[in-house]
Amino acid sequence: MNYNLKIEKTEMLTEQIFFIRLKSEKIAKNAVPGQFVNIKCCDGLDAFLRRPISILRTDPREGTFDIVYMIRGKGTDILSQLKCGDYLDCMGPLGKGFTLPEKGEKVWVVGGGIGIFPLLFLLERSVDVYKASFLGFRAKDSIVLQNEYEKASDQITITTDDGSYGVHGLITKPFLERLEKEKPDRVYTCGPTPMIKSIAEICIERDIFCEVSMEQRMGCGIGACLVCACKIKHNDDYEYQHVCKDGPVFPAEKVIF
Amino acid sequence: MNYNLKIEKTEMLTEQIFFIRLKSEKIAKNAVPGQFVNIKCCDGLDAFLRRPISILRTDPREGTFDIVYMIRGKGTDILSQLKCGDYLDCMGPLGKGFTLPEKGEKVWVVGGGIGIFPLLFLLERSVDVYKASFLGFRAKDSIVLQNEYEKASDQITITTDDGSYGVHGLITKPFLERLEKEKPDRVYTCGPTPMIKSIAEICIERDIFCEVSMEQRMGCGIGACLVCACKIKHNDDYEYQHVCKDGPVFPAEKVIF
Amino acid sequence: MDLSVNIGELKLKNPIIAASGTFGFGREYSEYFDLNELGGISVKGLTLEPRKGNPPPRIAETPAGILNSVGLQNPGVHAFIEKEIPFLRQFDTAIIANVAANSIEEYCTMVEILSDADIDAIELNVSCPNVQQGCLLFGSTASGISQVTSAVKKVCKKPLIVKLTPNVTDITEMAKAAEDAGAEGVSLINTLLGMAIDINSRKPILANITGGLSGPAVKPVAVRMVYQVANSVKIPVIGMGGICNADDAAEFLLAGACAIMIGTAGFVNPNVWVEVKDGLVQYMENHGFKSIAEVSEALIV
Amino acid sequence: MDLSVNIGELKLKNPIIAASGTFGFGREYSEYFDLNELGGISVKGLTLEPRKGNPPPRIAETPAGILNSVGLQNPGVHAFIEKEIPFLRQFDTAIIANVAANSIEEYCTMVEILSDADIDAIELNVSCPNVQQGCLLFGSTASGISQVTSAVKKVCKKPLIVKLTPNVTDITEMAKAAEDAGAEGVSLINTLLGMAIDINSRKPILANITGGLSGPAVKPVAVRMVYQVANSVKIPVIGMGGICNADDAAEFLLAGACAIMIGTAGFVNPNVWVEVKDGLVQYMENHGFKSIAEVSEALIV
Ligand SMILES: Cc1cc2nc3c(=O)[nH]c(=O)nc-3n(C[C@H](O)[C@H](O)[C@H](O)COP(=O)(O)OP(=O)(O)OC[C@H]3O[C@@H](n4cnc5c(N)ncnc54)[C@H](O)[C@@H]3O)c2cc1C
Ligand SMILES: Cc1cc2nc3c(=O)[nH]c(=O)nc-3n(C[C@H](O)[C@H](O)[C@H](O)COP(=O)(O)OP(=O)(O)OC[C@H]3O[C@@H](n4cnc5c(N)ncnc54)[C@H](O)[C@@H]3O)c2cc1C
Ligand SMILES: Cc1cc2nc3c(=O)[nH]c(=O)nc-3n(C[C@H](O)[C@H](O)[C@H](O)COP(=O)(O)O)c2cc1C
Ligand SMILES: Cc1cc2nc3c(=O)[nH]c(=O)nc-3n(C[C@H](O)[C@H](O)[C@H](O)COP(=O)(O)O)c2cc1C
Ligand code: FES
Ligand code: FES
């Protein structure tokens, strides 16, 4: 098998955040929201393992899909040097995605930092539903894809940790405030562990359907090596399931943070 | 210190052999024939150590120098992908070069394969002397820089192992035949060990001045790590000298092959 | 050209084996390549009871390698027999059961159970660095290895391979102990104990603090140990540690191995096992080797 | 910010030391950077008589590392004292004499001689993998280490550091043996024994067949051993093995080292020692560390 995909477009969204569009009929056709691709950032030893990156959205007609990533270390740094026309080795689509909402439901998505990326795909695939987006960023200069999320949502709330844009503080605040007034049918969340943990707890308390997308360091990316463990309730005990295969999306009430 | 040099020109001489011109006032000014540069073929881990490559020639006015290399493995393969305008990390000039001939002397150079490269610089720097070149190649398609060597020599003999060009067989044959008729003042040789060994022996027998340029795997390239050992006569015993610092050029009669 | 290899009664149609713990029970990779291509599969390390394994993170990337601290998460030997063997048996490839335990009794119980199961060989894992008691303890001394091996040997009805840890002063003593105690073969190396620290959080990257190093970084140590062991025992040696391509595999065979295992490289390239097999055939053709045995004896020193 | 470090009587102005055998006697690198930048220099391993060393090739490149088999080529302790100390003394940096020998007597004789020489410390090399007799033998057992160390200690008038080999089952036993025998500090790791084969010539790349592995590949093993040793002895620990940048150095300090040595990385980047020193200062500023000691105690487990 050959996993080299042609890069159709690259864009620098901020100093740290980059966009890549890749050609793949297979992934464009089969990917569902919440799934990811596992990327070999370069030949050779410099970023030895593959890097998991969420599928931001697909375009089945064009046979392309998009990813957006933030520079964190060696691998993403190397990715940021890729140009249109280069090839990138991606395995995917991988993992279990979100449960799509039913017609007419009220959907709230809550994302923080790089956790917002899998949620756009979910919003775009959720049709005939009411969609509210709660997005938390570090600061104004780290806000990306605002237009896309506005287009994909009926209502959008943005917070920044430093108050440099939108509501000042954590995204959980406006989320809670709105919960006082109304109750969504489904909540989907992805982002820093403290954030998704509190969103999950809030929803469980109120008994609202909630799915969380988890992150964990990976090896094989397909369920064979068992390194990407996520602690999951199992009867009155727990077991380690695996983010790459059983996840990255899990029912909030199942996850032991 | 910064060792990144701008690549001013690259050229593919054969499928396997490449030419690079690099900008460096320092190296262009100071390098002498027989010296080499030690090259970091890429950032990172894929070709971890530097690769020693001879200085083919310098252009002090332009402040450039040239190298020619053959693809052997990882490092040289990576080098072959470099383009004009890229930067290359080179330490040098390194090592001890050839003893230049005196006015009016008869100079013969004997090179085999990649061993021919340091000899061009020597020929071009040897003025007011008679210069004969004996160059051995694997086959016609591995012959490179023929014009340059013809320009730089008064007479040139080329052999190929398979007879596909020039004289059929090893370069030692025509070298010996000509020795029957006349005797040079100086012989300089570089190439495969069997070749330089026999050239050295032939010259020692006949008591002709002969210098050989040696190859050895290197670490630091500057004489600190002692890995690039070359067995050298020492009184009636031997000692290990070091190709990167005491060499690569050694007096033929000193080397224990 | 003859790619087949015999390790005691164990017959491998080719010397390419999936390394234990990197390949699960074959289900996942079966979607990426035809498992019939493999000489054998060493399954995830099995214990008598199911094991949850260690908390995450369980993996850290290091220069040219990885650290893992899975800690033998597995469904237990019974679930393996019921659920996994039937799946694996669909393929024409040897099933090697990798067995870990905390006591000699437990090793024996498991080997008894597996002796009546439909598997082709048992790989005694006395070298797992990621569990507290047992296991590695036995593998770290010659006496420990000979105790476990001879005890197991009494009840074992399958070819027995002892998997050695590289975290010892003299690997040849360990191999000899296994040979003397009746092992049909030895496999090496398991992982080198290592550690990585996140200098910003100031915490070890692995929740388990230390983990096992594998991948290209360990290859020179593995080749050296295979070479030493192959020159000190008469039983077949299965070599592994950082193999990423056919050249690496050839290096292990030249060092004296009769077969090789590949693990970590598969994380990056799920076709690696097939590519190594095809590349090895190419190498043997180019160098006029007619059998694996010829390669294993071709080193010139 | 206080970069100084004390190892017994040995005072280092900063924790960056050139690793033995990779830096000669400083002459070559003095043309590339100001040796006054270094906390110390551990010179090429010295023997009583001059040594020719092993035949070439003496180096092989491996994934993220190198193998070397220099075999202690050196001019002998007397030539060192006459010719090299005067050169090194021009610089404000600690001179650490790395001492290798084949017998306890020889170790003692050398240490006696060096005790009267103008050096700052002695690093007892009981861990060179590239010479036939002696050396590594002593370093591979706790009893060997305590014998050599206590014998040497009787005649040693300089701070004594024992350099440990990683090729052992339990590095903490070795460190404890050195501590109990009176060593002021331990340094680790020396090289991991490895091997590389040229699959086309079918010969080992090194004329010596095996050699010592160093460079980034060994870092996780080195960090783990430094962590284990720092938690099992009270004397200072000097860490090394694959350090290429300030982040790597910080990793070793967090693991419990009080100083670090750098060798192989200098082959690729002759400025590495200076860059690591400057980068470490940066790291300490960013994280509010005021002294090296604070970093050495900052690991959160
Ligand atoms: C299912 C999933 C989806 C993700 N989607 C995105 C996305 O859409 N956009 C985005 O910017 N990031 C995403 N991430 C995080 C991304 O994988 C890491 O930021 C990236 O692997 C860092 O690699 P690096 O080489 O830059 O960092 P390094 O620190 O050099 O990486 C070293 C090792 O640690 C692993 N690692 C480091 N941080 C993480 C992390 N947070 N999660 C998992 N592994 C990590 C790397 O994969 C690598 O193996 C996702 C992670 C997961 C698990
Ligand atoms: C003083 C000197 C001058 C040289 N000049 C030239 C030149 O002008 N043109 C040219 O094509 N080649 C030259 N060589 C040979 C060149 O250094 C090697 O071909 C090159 O290092 C191979 O690197 P690689 O990554 O392609 O091969 P790999 O096999 O991947 O290299 C692996 C390791 O072995 C070392 N190595 C492999 N072959 C040699 C060799 N023959 N000599 C030294 N080290 C080796 C490499 O440096 C590297 O450290 C010279 C060698 C020396 C010592
Ligand atoms: C994630 C992971 C899990 C492993 N689990 C086991 C195991 O359960 N039993 C075992 O004997 N070896 C186990 N190993 C060791 C491998 O089988 C192999 O010995 C080692 O990884 C070296 O080979 P490699 O470099 O090709 O991976 C594991 C290795 C990894 C990377
Ligand atoms: C070429 C070479 C020669 C060495 N010689 C010695 C030596 O003489 N004495 C010694 O104690 N260690 C010696 N070593 C080991 C280093 O001092 C150091 O312990 C090891 O290389 C790990 O550090 P590094 O990865 O930074 O190189 C040598 C290492 C290399 C690469
Ligand atoms: S990464 Fe291997 S199981 Fe998830
Ligand atoms: S390469 Fe280090 S001394 Fe020659």
Side-chain angles (χ1 to χ4, degrees), chain C residues 60 62-67 129 140-141 165-171 174 192-204 209-213 215-228 242 244 246-255 283 286-287 295 298-301, chain D residues 60 62-67 129 140-141 165-171 174 192-204 209-213 215-228 242 244 246-255 283 286-287 295 298-301:
Chain C
T62 63
I66 65 168
L67 292 166
S140 306
T141 64
T165 173
N167 302 296
V168 294
T169 306
D170 183 354
I171 190 85
M174 309 301 141
L192 276 164
L193 193 62
M195 176 176 178
I197 297 170
D198 179 328
I199 65 165
N200 294 312
S201 70
R202 300 185 212 161
K203 297 202 189 99
I209 301 178
T210 60
L213 182 65
V218 308
K219 194 183 70 170
V221 174
V223 169
R224 181 263 300 183
M225 289 186 167
V226 166
Y227 171 77
Q228 291 178 318
C244 291
D247 288 4
D248 296 338
E251 196 176 354
F252 276 84
L253 295 178
L254 288 166
Y283 171 79
N286 298 346
H287 290 71
V295 185
L299 186 70
I300 304 162
V301 285
Chain D
T62 64
I66 65 169
L67 291 167
S140 306
T141 64
T165 173
N167 302 296
V168 294
T169 305
D170 182 354
I171 191 84
M174 309 301 142
L192 276 163
L193 193 61
M195 176 176 178
I197 297 170
D198 179 327
I199 64 165
N200 294 313
S201 71
R202 297 186 214 161
K203 295 200 189 98
I209 300 178
T210 60
L213 183 65
V218 308
K219 194 184 70 169
V221 174
V223 169
R224 181 263 299 184
M225 289 186 167
V226 166
Y227 172 76
Q228 290 178 318
C244 291
D247 289 2
D248 296 338
E251 196 176 353
F252 277 84
L253 295 179
L254 288 167
Y283 171 80
N286 298 346
H287 289 71
V295 185
L299 186 69
I300 305 163
V301 285

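To find a chain, count down the sequence lines: A is the first, B the second, and so on, and within it residues start at 1. Atoms considered below: every heavy atom in the structure, side chains included; atoms not considered: hydrogens, waters and symmetry mates.
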For [X], which atoms come within 4.5 Å of any heavy atom of chain D: side chain, backbone, both, or neither?
| X | answer |
| --- | --- |
| C:A60 | neither |
| C:I199 | both |
| C:N200 | both |
| C:F252 | neither |
| C:L67 | side chain |

* Atom CG in D:L213, atom CZ in C:R224: separation rounded to 0.5 Å? ->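 Between D:L213 CG and C:R224 CZ, I get 10.0 Å after rounding to 0.5 Å.
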
* Asked: Out of curiosity, D:T165 OG1 to D:M174 CE, how far, rounded to the nearest 0.5 Å?
  -> 9.0 Å

Based on non-hydrogen pairs under 4.5 Å, which of [options] is most in contact with chain C?
| options | result |
| --- | --- |
| D:K203, D:H287, D:E251 | D:E251 |
| D:A222, D:A250, D:A196, D:P220 | D:P220 |
| D:V295, D:V223, D:L253 | D:V223 |

* Structure fact -> When every non-hydrogen atom of D:A217 is compared with those of D:P63, the smallest separation belongs to CB-O, 3.5 Å

* Taking every non-hydrogen atom, the tightest pair across C:L299 and D:P204 ->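 Heavy atoms only, the tightest pair is CD1-CD, 4.1 Å.
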
* chain C heavy atoms under 4.5 Å from D:L254: which part of the residue, side chain, backbone, both or neither? ->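 Both backbone and side chain.
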
* Look only at the side chain of C:T210 and the backbone of C:M195, and say whether a donor-acceptor pair between them is shorter than 3.5 Å. => no

* Heavy-atom side-chain contact between C:I197 and D:Y227 under 4.5 Å ->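 Heavy-atom side-chain distance check fails, nothing below 4.5 Å.
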
* Can you tell if the side chain of D:N167 reaches within under 4.5 Å of the side chain of D:L192, non-hydrogen atoms only? -> yes

